[in-house]
Every structure is written in structure tokens, then in C-alpha cells.
J.: 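Handing you this structure, nothing more for now.
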Amino acid sequence: MVVSCIKRSLIVNTSPQGGLFHRLLFTLRNKVKVQSGNVINLASSTRIRQCHISIKGTGNTLTIEDGANLKGVHIEVNGNNCSLTIGKYSVIGEGCYLSARENGTTLSIGENCMFSRNVKVMTSDGHDILCANKRINPAKSIVIGKRVWLADGTTVLKGSNIGEHSIVGINTVVTHDVPANSIAAGNPAKIIKSDICWDEKLTY
């Protein structure tokens, strides 16, 4: 059984359709550690279970929109005035790691996205890199458009933006922008096909 660790000062907002019962299920099905002064917004009809959610600092917001489906996901917000948003009807697979770190960063995932297993999306390197006593690796926000498919083992690094309807291949490392309706693959990612679209249905 997963034990909830929500502090009393945490604000968990649910839509009128969700209410107290939906909030209770969220706290029972997930391991949640959140410092005071932060907000979690849960829309109705979300499915969130076996997730680890950690929010440190103040003024941070985690928003999970209507119909989103998460299982076994690690979500981290660490800093001040950061936001992490998961769009409507997006599916985030097991072993995924979503991290919005440092001050004022944003990690935004659009509607109807599909993340396979072990995907990592991070706004920060996690440690300072210095040159002549000045930091050269500040955090940068990430925007992932609607209907983006990230295949198994994809890593999306700080400052990357992925356009809507795009696909990122298995074990790809995204270090720059990916245009809409494109396929990107490799380490680092390269655009290998443009003007594409994809469907969840498999025809064979």
C-alpha cells in the first residue's frame, strides 16, 4: 500500500465534478511529499496511481488536467514559482520522470500526448557548471505541444520545445526544438521526417 505524506498546509484543488472523493483517492493511491505554499490542481476524471510527487520551495503549481492518465510516474517540482502542467487526456507511462527545477521554470505538456515508458523531461541539469566563476548552465523552460508521442527512453533536456503532432524515437535525446509534424531520432536528436501525423490505432 502506498502511504500519502501530504502536509496540512498543502492546497489540493479539485474540480466540482471531482470533489472530496477524488482528492482522497489521489492521496491514497500515490506517494505525495509537498512543502507548504504550493498548489496541486486536479481536474475531474484524472487517473493517477502509484506516482511519486515531490514539490519543494514555494509558489509552485502542479496542474493535471481532465482525463490525464498517469501510472508509476515520478514528478518533481523543486524551486520557487515553477509550474508543471499535464494537458487533457495525455497518457504518461511507467518509469517516466518529469522535473521542473529552479526558479520560475515551466514544464508544459499539451493535450492528448502519449509518453511511453522511462521518458525523462527536465528543465535543469541538476547541478551548477561554472566557468570563470560564473554559471553557464541555467535552467530553461520546456514546452511540449499537443499530440506529441515520446517513445521509450526518450530524454528531453532544458530549453527544448516540441511542436504538436510530432514523434520522438526510442532512446532519443532532445537538446533543441523539434518542429510540428516531424519525426526526430538519435543522440542528439535529428529531424528524419517532416509533414507527418500519427494515430493511436495500429493497422495490420
J.: Please list all pairs passing the salt bridge (charged side-chain N to carboxylate O under 4.0 Å, His left out) test where one or both residues lie in residues 107-117, with sequence neighbours left out.
T.: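 Non-adjacent pairs meeting salt bridge (charged side-chain N to carboxylate O under 4.0 Å, His left out): Arg117-Asp152.
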J.: State, yes or no, whether a side-chain contact exists between Leu42 and Ile48 at a heavy-atom distance under 4.5 Å.
T.: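 When only atoms from C-beta onward are counted, Ile48 and Leu42 do touch, with a gap below 4.5 Å.
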J.: Is Leu84 reachable from Leu157 through a run of hydrophobic residues whose side-chain heavy atoms are each under 4.5 Å from the next?
T.: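 No, it is not one cluster - the side chains of Leu157 and Leu84 are not joined through contacts under 4.5 Å.
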J.: Which residues pass the side chain to side chain contact (heavy atoms under 4.5 Å, CB included) test with Ser141, not counting sequence neighbours?
T.: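 Here the qualifying residues are Thr105, Thr106.
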J.: Roughly how far, to the nearest 0.5 Å, is OG1 of Thr85 from CD1 of Ile144?
T.: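 Rounded to the nearest 0.5 Å, the CD1-OG1 separation comes to 11.5 Å.
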J.: So if I apply the side-chain hydrogen bond (donor to acceptor under 3.5 Å, both in side chains) rule between Ser124 and each of Lys158, Arg101, Glu102, which one comes out positive?
T.: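 So the option named by the test is Glu102.
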J.: Show the nearest heavy-atom pair for residues Gly145 and Cys113, with the distance to one decimal.
T.: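 The pair with the smallest heavy-atom distance is O-SG, 3.1 Å.
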J.: What is the minimum heavy-atom distance between His176 and Ser160, and which atoms define it?
T.: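 What the structure gives for the nearest pair is N-OG, 3.4 Å.
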J.: Restricting to non-hydrogen atoms, name the atom on Ile191 and the atom on Ser182 that form the minimum distance, rounded to 0.1 Å.
T.: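 Between these two residues, the closest heavy atoms are CG2-CB, 4.1 Å.
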J.: Nearest 0.5 Å please: distance from the CG atom of Leu107 over to the OG1 atom of Thr123.
T.: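 That separation rounds to 6.5 Å.
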J.: What donor-acceptor contacts under 3.5 angstrom involve side-chain atoms of residues 196-204, with partners at least two apart or in another chain?
T.:
residue, atom, partner, partner atom, Å
Trp198, NE1, Arg147, O, 2.9
Asp199, OD1, Lys201, N, 3.0

J.: Using the side-chain contact (heavy atoms from CB on, under 4.5 Å) rule, pick out the option among Ile40, Val39, Val32 that qualifies with Ile55.
T.: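 That would be Ile40; it is the only one of Ile40, Val39, Val32 passing the side-chain contact (heavy atoms from CB on, under 4.5 Å) with Ile55.
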J.: Starting at CG of Asn171, measure out to CG of Asn187 and round the result to the nearest 0.5 Å.
T.: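 One gets 9.0 Å once the value is rounded to the nearest 0.5 Å.
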J.: Between Thr27 and Leu24, what is the shortest heavy-atom contact and its length?
T.: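 The answer is OG1-O, 2.8 Å.
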J.: Under the ring pair (Phe, Tyr, Trp, His ring centres under 6.0 Å) rule, what pairs show up with a residue in residues 100-125, not counting sequence neighbours?
T.: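 Sorted pair list comes back empty.
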J.: In a table with atom names and distances, give each donor-acceptor pair under 3.5 Å that connects a side chain of residues 58-78 to protein atoms at least two apart or in another chain.
T.:
residue, atom, partner, partner atom, Å
Thr58, OG1, Asn80, OD1, 3.3
Asn60, OD1, Asn81, N, 3.2
Asn60, OD1, Cys82, N, 2.8
Asn60, ND2, Asn38, OD1, 3.0
Asn60, ND2, Lys56, O, 3.0
Asn60, ND2, Gly79, O, 2.9
Thr63, OG1, Asn41, ND2, 3.4
Glu65, OE1, Lys88, N, 3.3
Asp66, OD1, Ser44, OG, 3.1
Asp66, OD2, Tyr89, OH, 3.3
Asn69, OD1, Arg49, NH1, 2.6
Asn69, OD1, Arg49, NH2, 3.4
Glu76, OE1, Tyr97, OH, 2.7
Glu76, OE1, Ser99, OG, 2.7

J.: If you look at every heavy atom in Cys96 and Ile92, which pair is closest and at what distance?
T.: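 Closest approach of Cys96 to Ile92, heavy atoms only: CB-CG2, 3.7 Å.
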J.: Using side chain to side chain contact (heavy atoms under 4.5 Å, CB included), reason through Leu150 and Thr172 one step at a time and then give a plain yes or no.
T.: CA-CA 9 Å; Leu150 302 184; Thr172 293; over 6 Å; no
J.: Closest heavy-atom contact between Val156 and Ile142?
T.: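 Residues Val156 and Ile142, closest heavy atoms: O-CD1, 3.9 Å.
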J.: Measure the CG-NZ distance between Leu28 and Lys31 for me, rounded to the nearest 0.5 Å.
T.: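 Going from CG on Leu28 over to NZ on Lys31, the span is 15.5 Å.
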J.: Output all residues satisfying salt bridge (Lys or Arg N to Asp or Glu O under 4.0 Å) with Asp128, sequence neighbours left out; order by chain, then residue number.
T.: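 Counting only residues at least two positions away or on another chain, Asp128 forms a salt bridge (Lys or Arg N to Asp or Glu O under 4.0 Å) with Arg135.
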J.: Going from CG on Leu98 to CE on Met122, what distance comes out if it is rounded to the nearest 0.5 angstrom?
T.: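 The CG atom of Leu98 sits 10.5 Å away from the CE atom of Met122.
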J.: Could you check if a side-chain atom of Val173 sits within less than 4.5 angstrom of a side-chain atom of Pro188, using non-hydrogen atoms only?
T.: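 No; the side chains remain at least 4.5 Å from each other.
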